Asker: 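Below is one structure. I have some questions about it.
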Amino acid sequence: MTQLRVLFFGKLADLAGAERPIDSHGLTDVASAIAVLTDAMPAIAPLLHPEICRYVLDQQIVPAGAPLAGASELAFLPPVSGG
Amino acid sequence: MTQLRVLFFGKLADLAGAERPIDSHGLTDVASAIAVLTDAMPAIAPLLHPEICRYVLDQQIVPAGAPLAGASELAFLPPVSGG
Amino acid sequence: MSVAVRIATGPFDPEAELAAFRARLGDAGALASFTGLMRDDGGQAQQLELQHYPGFTEAEIARFAQKTVERFGLIGVLIIHRVGMMGPRDAIVLVAAAATHRRAAFDGCDCLMDYLKSAAPLWKREHRADGAVWIEPTKQDQADRARWLAD
Amino acid sequence: MSVAVRIATGPFDPEAELAAFRARLGDAGALASFTGLMRDDGGQAQQLELQHYPGFTEAEIARFAQKTVERFGLIGVLIIHRVGMMGPRDAIVLVAAAATHRRAAFDGCDCLMDYLKSAAPLWKREHRADGAVWIEPTKQDQADRARWLAD
């Protein structure tokens, strides 16, 4: 089993927890990981929409079509606010 | 004899000295004090022109026509620069 | 030209940091700084929580800071952002920008703050007596940030 | 709402002054500051001389600062301006503006600096190896100041 560490922040972490490992076996790209996650947690689906969420794979911002390849960490960033 | 303390700053002070008392007896307004000063120091005349010099009488900015009345201090402020 | 970015997990002293930054500067004539402080909002706000993505947040902020240095011709930039839980009057953020002349220092500092407020990977939540609320950038924050994207 | 204006006849410590100012503030969320430093200009500039008109200069600056507080809705303003002879890396001026939100703090600080540069009763002379020169505001200084007079 190949594990992918999935990280959530802000509002998303309230719903999904800050961290959640998933089995990435058979997953091809970020979109397929999103499908697995929203199956398990339908409530977060609207927050993972590419218009309001950024995907970060092994610390690089990527589009939904990015291949997971051997990546070990996938983070979902909801709308930000600092300062 | 009534004395008026005249103060110069910046470039003006280089030419006229920082401070110079004049006898204000018979002087009516700021313009008449300017006439006395430029008689004594023709070199400063262009620097006392109202377009580039501000007149301050007893710590109040005044026009050339302001009466000296019982004022004790007249300052000439050339173009400024700070910070 | 130096860029320093730090995420502070506990309280920090903005003026001590600023003094150390100034001491390291070369021949700068202008040093603009901004300190963001937690307001208590008439006793309404009890705690503020800031989240970051360790590693990624620092790298993203440093990348933007480097672009800002080049854009405005800055001599140095210092950014310290607090994360975790904090209370009223705590310093949340310090941004300092040094340049030869003041226009670049002011604009650099201003631009960096707009980025931190509405584009850097940080998440802010206010804890009030009636619950916790995630904060989103205001219309003013968006408009402020748009000033730098226009050109 | 507080306005503090001081003419410093000797060196001052900008960050210590800033810390004391911050400690006196009420529920401010934003503190913008600017420190002007003497540049040595590659060894060209040896000393800088600033003249003021005692009493009048302080009063004029305080009057403008009060107007700036009202215009931008500031919580507090601190202005310290050095006069006399100073050397490279000395702090010439410190301006700090505190407000509820950052836009007002930045604008207040920026506006005050433009005033000090080209309108406050101060006279600045650079002493170089080849003689002393009175400085006049640059075109950029005039343009900067004009931004605030337009509205």
Side-chain angles (χ1 to χ4, degrees), chain A residues 3-22 24 29-30 33-34 37-38 41-83, chain C residues 5 7-8 34-39 48-64 79-84 86 91-95 109-127 131-138 140-142 144-145:
Chain A
Q3 274 216 342
L4 181 66
R5 207 162 81 103
V6 177
L7 303 178
F8 299 100
F9 296 91
K11 203 184 289 184
L12 261 174
D14 286 353
L15 296 170
E19 192 176 332
R20 182 185 183 102
I22 60 171
S24 65
D29 56 9
V30 171
I34 292 175
L37 290 163
T38 53
M41 301 175 286
I44 67 170
L47 295 173
L48 298 187
H49 194 279
E51 272 186 16
I52 59 161
C53 190
R54 280 190 295 172
Y55 315 131
V56 179
L57 194 63
D58 282 352
Q59 308 249 336
Q60 298 293 319
I61 297 174
V62 295
L68 293 181
S72 58
E73 190 176 277
L74 174 60
F76 293 96
L77 314 190
V80 300
S81 137
Chain C
V5 173
I7 294 293
F34 180 86
T35 305
L37 302 163
M38 184 182 159
R39 287 185 298 126
L48 191 68
E49 181 186 356
L50 258 298
Q51 283 184 5
H52 77 306
Y53 179 4
F56 181 75
T57 298
E58 294 89 326
E60 283 288 298
I61 295 175
R63 203 181 48 78
F64 186 85
I79 297 173
I80 300 175
H81 205 298
R82 174 96 178 264
V83 295
M86 57 208 83
I92 306 167
V93 61
L94 170 69
V95 170
C109 189
D110 198 357
C111 178
L112 286 166
M113 268 312 301
D114 287 342
Y115 165 77
L116 291 170
K117 273 279 173 178
S118 57
L122 292 161
W123 297 272
K124 184 163 66 177
R125 173 153 64 171
E126 242 178 52
H127 295 262
V133 191
W134 290 102
I135 307 296
E136 301 212 351
T138 61
Q140 177 71 53
D141 289 329
Q142 308 285 11
D144 285 349
R145 171 120 173 95

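Just so it is clear, the structure is predicted and the values come from calculations on it, not from any experiment. Convention: sequence-line order gives letters A, B, ...; per-chain numbering from 1.
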Asker: Taking all heavy atoms of C:Pro137 and all of A:Val80, pick out the closest pair and write down the distance.
Answerer: CD-O, 3.2 Å

Asker: Among C:Val95, C:Leu116, C:Val93, single out the residue with the greatest number of heavy-atom pairs under 4.5 Å to chain A.
Answerer: C:Leu116

Asker: Over 60° means perpendicular and under 30° means parallel, so tell me whether A:Phe9 and C:Tyr53 are parallel, tilted or perpendicular.
Answerer: tilted

Asker: Does any backbone or side-chain atom of C:Ile92 lie under 4.5 Å from a heavy atom of chain A? Answer side chain, backbone, both or neither.
Answerer: side chain

Asker: With a 3.5 Å cut-off and sequence neighbours excluded, list the donor-acceptor pairs that the side chains of residues 60-71 of chain A form with protein atoms.
Answerer:
none

Asker: Checking heavy atoms, do the side chain of C:Gln51, its backbone, both or neither come under 4.5 Å from chain A?
Answerer: side chain

Asker: Quick check on the structure: residues of residues 42-53 of chain A within a heavy-atom distance below 4.5 Å of chain C, by number.
Answerer: none

Asker: Can you tell me how far apart CG (A:Leu12) and CH2 (C:Trp123) are? Round to the nearest 0.5 Å.
Answerer: 9.5 Å

Asker: Please state whether the side chain, the backbone, both or neither of C:Glu49 comes within less than 4.5 Å of a heavy atom of chain A.
Answerer: neither

Asker: So which of C:Ile135, C:Thr138, C:Leu122 actually passes side chain to side chain contact (heavy atoms under 4.5 Å, CB included) with A:Ser81?
Answerer: C:Ile135

Asker: With only heavy atoms counted, which part of C:Ala119 is less than 4.5 Å from chain A, the side chain, the backbone, both or neither?
Answerer: backbone

